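Remember, it's a predicted structure, so these values are computed and weren't measured experimentally. So that the names make sense, note that chain A is the first sequence line, chain B the second, and so on, each numbered from 1. The figures here come from the full heavy-atom set of this structure, side chains too, leaving out hydrogens, waters and symmetry mates.
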2 protein chains.
Amino acid sequence: MVRSLTSKPSLAGPLTAAPSPRGAAADTPPAARRRLSPADREKSIAAAAIAFFAERGFEGQTRELAAILGITQPLLYRYFPSKEALIERVYQDVFVGRWDPFWEELIGDRRIPIADRLTRFYVSYAKVILTPEWIRLFMFAGLKNLDFNARYLKFLRDRIFEAVVEELRDHFGRPSLKRVPVLDIEIEMVWSVHASIFYLGVREFIYRLPPGCSVQDIVAAKIQMLLGGVAAVLPAAEPAP
Amino acid sequence: MVRSLTSKPSLAGPLTAAPSPRGAAADTPPAARRRLSPADREKSIAAAAIAFFAERGFEGQTRELAAILGITQPLLYRYFPSKEALIERVYQDVFVGRWDPFWEELIGDRRIPIADRLTRFYVSYAKVILTPEWIRLFMFAGLKNLDFNARYLKFLRDRIFEAVVEELRDHFGRPSLKRVPVLDIEIEMVWSVHASIFYLGVREFIYRLPPGCSVQDIVAAKIQMLLGGVAAVLPAAEPAP
DNA sequence: CGCACTGTTGATCGATCGATAATCAACAAT
DNA sequence: ATTGTTGATTATCGATCGATCAACAGTGCG
């Protein structure tokens, strides 16, 4: 459920250090606290929480997050009732808030050649998920035993994978999914494209190994492979009407 | 204050519940402690630690681990000086101890057709890494910022990836790596096979989604794809001597 | 049986962490 | 300036976690 995708993800670089609300010198005197409007404060906390939990994991301490924000830890609890609620907000902003409804439109837009459509979709999707926040948070979420990832991937399968398969069926003159239910092997071929993109993120943001190729190249190659390999696997074509 | 953990934490999950050194009935009287030889005790702790940290992550509590073993927490510290040392032992047992030196031999055994060699290697390698312990521990290790994963993957690249590329060069009559250094794109093709196997493990043991195909099928398909795709990418062949 | 050796436990320390309550102080209205 | 509202901080509680140590108990030897 899209709660409110008002907050631009944007979020600054890798964990902006404490903006030093206090002076630079050692043990500054008063404190010079900064009053922000509730909306601004909440947004700044949510944005910092995304970067923070992505880096440290959900076991990251609230005191450390507060220090990064340059505020005190109890202030977090004025805007979020619990750490768990803050984490829930992070999920919303990253995984729900960055979902682009246009993707589903694009995949089904038959005025565009299928290879272009798929390439454009996957490049766009890759831009969204190939960030340290998305990749690491998704992995952290998966390693907790919540069903969040399973639900996300079910959503992805229903909205994207099946749409891609339907378009491939159409392109190769095969029966629609409405007539012949989707095959495991077809889903698996789409998984393969998805996996190779996701794994680029794992290599870069979890293993910290520089990627060998550009995302663009990988995507283009995988789409070509998908289109090339799919014909051999789809159910027998029916005679055109 | 419930300091004493009289109440079994029980920790829901799969993780074999405490083997009840104490009787089954509620609040059994004396304790019936079991004396094990130091070697056996250490092995049992190390084995339980692997399953435990793989499930709960390295933030898992030593008290919980001890409860699973049916021993008390201080006993862990008789066999391992610190939690960190225990985790180090887990790394050793899983990532070093399960490495099979025969793999390197197999890849280079030119009496066997290359497709068979690679398939046999990858099926064997998949058997080792496609376990909840290996996959989850590797991911947990990666999400901490230690360089462990980078070191492991560097090792893998030097010992396996380059050997595979060398054999592919030989098979297609191209110059050896000693004459023409390995290309990024070649490594990337091997990465692709590795990634698709690893991702099967991520799906099964992290997302908890049942895999659609057998490992055997995936490996065979990927090897075929590797052999098919590699010819178009390798540096120009040299005239045979 | 009595004794020593050592595997094992109960009790507890010090540090950490999420969360709460009381208090302070910045900003706007008057 | 004075005052009320409320954003922000200080102080602290209760629980948790890694680690330590003295005391207990199982085992083998004489």
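The CG atom of B:Asp40 sits 13 Å away from the C1' atom of C:dG7 (whole-angstrom rounding). Whole-Å rounding puts the B:Leu69 CG to C:dG7 C1' distance at 15 Å. One interatomic measurement links the two molecules: CZ of B:Arg41 to C1' of D:dT27, which rounds to 15 Å at whole-angstrom precision. Atoms CG (A:Leu75) and C1' (D:dT6) sit 12 Å apart, rounded to a whole Å. For the pair A:Phe58 CZ and C:dG18 P, the computed distance is 14 Å after rounding to whole Å. Distance CD1 (B:Ile71) to P (D:dA25): 18 Å, rounded to an integer number of Å. Between A:Gln73 atom CD and C:dA21 atom C1' the separation is 13 Å, expressed in whole Å. In this structure, B:Arg78 places its CZ atom 16 Å from P of C:dG10, rounding to the nearest Å.
Among the nucleotides D:dC21, D:dT9, D:dG18, the one closest to any side-chain atom of B:Pro74 is D:dC21. Among the nucleotides C:dA25, D:dG18, C:dT9, the one closest to any side-chain atom of B:Tyr77 is D:dG18.
Sparse packing is recorded around CD of B:Gln216, with 12 or fewer heavy atoms of other residues, nucleotides or ligands lying under 6.0 Å away. Enclosure of atom NZ in B:Lys154 is not indicated, since only 12 or fewer non-hydrogen atoms of other residues, nucleotides or ligands lie within 6.0 angstrom.
Tested against A:Met189 for a side-chain contact (heavy atoms from CB on, under 4.5 Å), the candidates A:Val165, A:Leu226, A:Asp184 yield a single pass: A:Leu226.
Checking side-chain atoms of B:Asn149 against main-chain N and O of B:Phe138 turns up a donor-acceptor pair under 3.5 Å.
Between B:Leu65 and B:Leu76, the shortest heavy-atom contact is CD2-CD1, 4.3 Å. Closest heavy-atom contact between B:Arg136 and B:Glu55: NH2-O, 3.0 Å.
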Could you walk me through whether A:Arg203 and B:Glu188 pass salt bridge (charged side-chain N to carboxylate O under 4.0 Å, His left out), step by step? CA-CA 12 Å; A:Arg203 282 168 63 186; B:Glu188 213 58 35; 2.6 Å; yes
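Of all the residues in residues 79-90 of chain B, B:Tyr79 reach under 4.0 Å from DNA chain C with at least one non-hydrogen atom.
Taking only side-chain nitrogens and oxygens, A:Thr62 comes nearer than 4.0 Å to OP1 or OP2 of C:dG18. For the pair A:Arg35 and D:dA8, the criterion of a side-chain N or O lying under 4.0 Å from OP1 or OP2 is not met.
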